[in-house]
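Before any comments, here is the structure.
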Amino acid sequence: MKKLAASLLFVAAMSAISVSDTTSFTIHIVGDSTVCNYKASAYPQTGWGQVIGSFFDGSRVKINNVAIGGRSSKTFVQEGRLNSLKSSMQAGDFMLIQFGHNDRYFGTNARQVPFDSLGYWLQQYVDAAKEVGVTPIFVTPMNMNMGTNGRNIFTEYNVVAKMLELAKSNGVPYVDLNTKSYNAYSKTWNASYVSRYQFKYFLVGEYPNYPNGVTNDGTTHFQESGSIAHCQWIVEELENALSEAYLSTDSKTQLAKLVSAIKPRYSFTVKANVSNSNGLITHNQELPGGAPLTLHVSPGSFGKTFQGWYDDDCNLLSTDSNYYGQTTLYRAATYTAIFEGGSACSTTPHSEETTSSSSFAESSSSSAESSSSAVCSKLIATEAWKSPIDMVYPEEGVGTTDTNHLDYTGLGFYNISNELSSVATFKLQSDQSASDAKLMIRYSNGGSTSRPMKVTVDYGVFELDFPPTADWDTWDTVYVDSLWLDAVPFNFKMESLTSDGGPNIDMIAFDISGVYREGCTPCEDLSSSSASESAEFSSSSETDGILTVSKTMGVSLDMQNLKISTPGGILKVSVVDALGHSVFSSENAVAAGEVDLIPAEKTLSKGRYFAKVSLHGKTVAMVPFYVKSR
């Protein structure tokens with residue numbers, strides 16, 4: 001009944017406003033890492049701004065998502081990003097504004113905003129939009145994953161109330177994503193569902209880009225299914241906003257133009273053929289056609305053997321409990337997880353799929369693009385330091401790349417000039433987000449006094465001391481704990497604080513995988529295997545980080561030459577790309593010896609892939625690999 005009442009209000013509001021169904025416009029999106037676009041190498045980490053285009057008619061709406069990780073309402077302005085955005089906005093466009101995660105004030109970081117200053121910074125977005133005839137819309141930040149205690153941190157640092165206050169004083173629309181997400185996290189869903197299927201928490205071997213899983217980033221960032229759920233709530237709130245009494249007729253006319261471009265949504269029903277009130281399975285949603293389709297089920301929570309996902313015509317979609325990489329249908333659809341011992345699959349009557357020329361709205365800007373031409377020096381990762389990076393030839397620097405001292409790693413070291421404020425800036429990329437990453441800096445200082453430096457990692461600023469070493473041929477290390485990294489490009493900058501200048505910098509390393517120089521490829525993650533308890537990894541700098549992997553049951557993989565050595569038997573090989581799309585799959589009886597992982601007729605383009613190899617039904621290898629060129 002509540003849903004029907006809301007629908008009637010929406011229809012009444014729309015009928016009172018004349019709206020053209022042919023008007024085209026752009027939705028500009030500003031925000032942080034919960035909003036921004038991510039590269040395929042970070043999938044399934046996804047910001048809601050990356051997928052919200054699938055909720056709009058792509059023939060009428062373009063998406064310009066300039067959100068970027070690590071920014072607050074203050075630093076986004078200070079870096080000139082809002083001013084730059086003004087040049088691409090036109091009268092009749094819209095701006096969705098979401099900040100709050102990085103604004104929270106603890107007095108420890110330059111991006112944090114004292115609450116009494118928050119209104120000042122948020123007002124600048126409204127002023128910039130109205131100056132060029134753009135309609136600003138506040139989107140309150142979604143709640144963080146607070147587990148079973150269900151705290152709403154954005155009513156503690158009350159961004160929610162401040163945005164509503166500004167929305168009313170400026171007469172602009174307001175989307176309360178915070179309340180929607182809080183109610184879902186703490187009331188509708190259980191804590192396990194929120195953590196496993198909404199936030200960035202991945203099991204070992206679950207996704208190609210995270211073969212060893214991710215368990216240290218489950219409170220802030222979202223996987224694709226989480227961002228899709230938030231997009232559903234955003235468009236629902238946009239529709240509801242048409243009935244807000246504080247909005248003028250002109251404001252409602254503009255909002256109605258936006259709402260009229262929202263695509264129809266269909267019932268997306270997910271069920272299992274066995275009962276278990278504690279079983280984890282994707283919940284039902286209302287989704288448009290062409291949106292990313294993700295089906296999750298955790299077989300262990302049902303206590304049964306999973307057999308496959310089936311559609312409403314009882315066609316088998318996948319035998320993998322984690323099904324993704326497809327898009328939703330332009331009709332209501334039902335999907336069933338079939339377990340051994342449960343009822344047989346039964347068909348669900350449905351209408352025919354409608355045809356639609358609408359697709360994902362075009363994104364004209366991404367916070368994750370890179371055009372760097374960095375010098376790529378491949379260093380060897382270790383279990384403790386998974387992302388070593390050679391500090392040579394910075395993108396900007398006051399100093400020289402040298403090789404005139406002993407025991408450096410890689411191609412050399414960077415000799416920061418002996419003067420105040422000499423700098424070295426390196427453009428890096430992270431494929432993972434982490435709230436507690438660690439950084440190591442290897443240096444030498446043959447001088448007689450310490451050389452303090454201001455080290456900036458994205459928007460985190462640290463003053464570090466670099467004490468003297470025995471001489472310039474002796475290297476030591478300093479460390480930074482509890483770094484916040486987002487899966488976006490960022491700058492690593494070192495600036496000398498005295499006239500003595502800086503030390504020689506040999507290398508840095510992060511304790512998480514997937515951090516590297518822009519324009520290069522990351523080192524492979526050399527942590528424990530995702531498939532077997534007896535994996536042995538070895539790597540060579542000549543293979544660009546591509547691994548030779550030895551496994552159990554007499555099977556070994558030469559990933560440099562894409563060869564498998566096997567004792568013979570029923571060999572199954574599956575290869576997927578970074579987004580989980582199948583590239584190749586086969587199951588054949590093979591004789592003892594070497595066989596090609598990829599048949600000669602299959603050409604792999606440059607990029608990251610993930611191989612799963614089974615012998616006699618037992619998985620013996622699950623490894624990521626890179627193809628530089630084929």
Side-chain angles (χ1 to χ4, degrees), residues 1-3 5-6 31-35 44-48 51-52 98-106 115 118 138-164 167 174-203 214-241 268-272 276-287 294 296-298 300-302 433 435:
M1 188 66 184
K2 185 177 180 181
K3 183 176 180 181
D32 52 36
S33 60
T34 64
V35 186
Q45 181 169 353
T46 308
W48 65 253
V51 292
I52 198 168
Q98 181 193 288
F99 287 103
H101 283 86
N102 300 319
D103 298 66
R104 290 178 299 144
Y105 188 72
F106 306 104
F115 187 75
L118 181 62
F138 283 115
V139 181
T140 61
M142 72 288 286
N143 201 31
M144 296 178 72
N145 180 13
M146 304 304 293
T148 55
N149 64 17
R151 286 172 47 228
N152 189 342
I153 61 172
F154 294 112
T155 55
E156 296 170 10
Y157 181 83
N158 208 339
V159 182
V160 176
K162 180 57 66 175
M163 283 189 169
L164 179 57
Y174 163 87
V175 168
D176 193 1
L177 182 60
N178 180 265
T179 296
K180 285 275 192 177
S181 60
Y182 171 74
N183 287 339
Y185 299 173
S186 63
K187 299 175 183 178
T188 307
W189 299 338
N190 63 44
S192 296
Y193 184 86
V194 173
S195 296
R196 283 287 292 116
Y197 296 164
Q198 302 297 297
F199 284 84
K200 186 182 174 185
Y201 185 105
F202 309 138
L203 300 181
V214 172
T215 59
N216 64 345
D217 187 25
T219 61
T220 305
H221 301 103
F222 295 91
Q223 56 181 288
E224 186 176 66
S225 54
S227 283
I228 285 291
H230 287 81
C231 287
Q232 177 187 329
W233 299 329
I234 289 171
V235 296
E236 289 173 354
E237 285 288 283
L238 288 171
E239 292 166 345
N240 293 337
F268 173 79
T269 304
V270 184
K271 61 183 182 179
N276 187 337
S277 60
N278 296 318
L280 291 179
I281 188 169
T282 296
H283 288 343
N284 300 338
Q285 297 177 68
E286 299 287 326
L287 299 178
T294 300
H296 296 298
V297 67
S298 297
S301 66
F302 282 87
S433 298
S435 60

Quick note, salt bridge (charged side-chain N to carboxylate O under 4.0 Å, His left out) partners involving residues 184-194, not counting sequence neighbours, are none
Do Y185 and F199 have ring centres separated by under 6.0 Å?
yes
Search all heavy atoms of H230 against all heavy atoms of S181 and return the closest pair with its distance.
NE2-CB, 3.9 Å
So, S195 versus N145: side-chain donor-acceptor pair below 3.5 Å or not?
yes
Ignoring hydrogens and geometry beyond distance, is a side-chain donor-acceptor pair present between S33 and H221 at under 3.5 Å?
yes
Applying ring-ring contact (aromatic ring centres under 6.0 Å, His included), can you list everything that pairs with Y105, at least two apart in sequence or on another chain?
none
Looking at residues at least two apart in the chain, or sitting in another chain, which of them share a ring-ring contact (aromatic ring centres under 6.0 Å, His included) with F268?
Y335
Would you say the side-chain atoms of W189 and Q198 include a donor-acceptor pair closer than 3.5 Å?
no
Judged by modelled atom types alone, do Y197 and S298 share a side-chain donor-acceptor pair under 3.5 Å?
yes
Do you know the tightest heavy-atom contact between S227 and V51?
CB-CG2, 4.0 Å
Determine the interplanar angle of the Y193 and H283 rings, folded into 0 to 90°, and report it as parallel if under 30°, tilted if 30 to 60°, perpendicular if over 60°.
parallel
Heavy-atom closest pair, residues Q223 and R196:
NE2-O, 2.7 Å
Taking ring-ring contact (aromatic ring centres under 6.0 Å, His included) as the test, write out the residues that go with Y174, two or more places apart.
none
List for me each residue that meets ring-ring contact (aromatic ring centres under 6.0 Å, His included) alongside F202, sequence neighbours excluded, and say none if there are none.
Y207, Y210
Here the salt bridge (charged side-chain N to carboxylate O under 4.0 Å, His left out) pairs for residues 174-184, sequence neighbours left out, are K180-E236
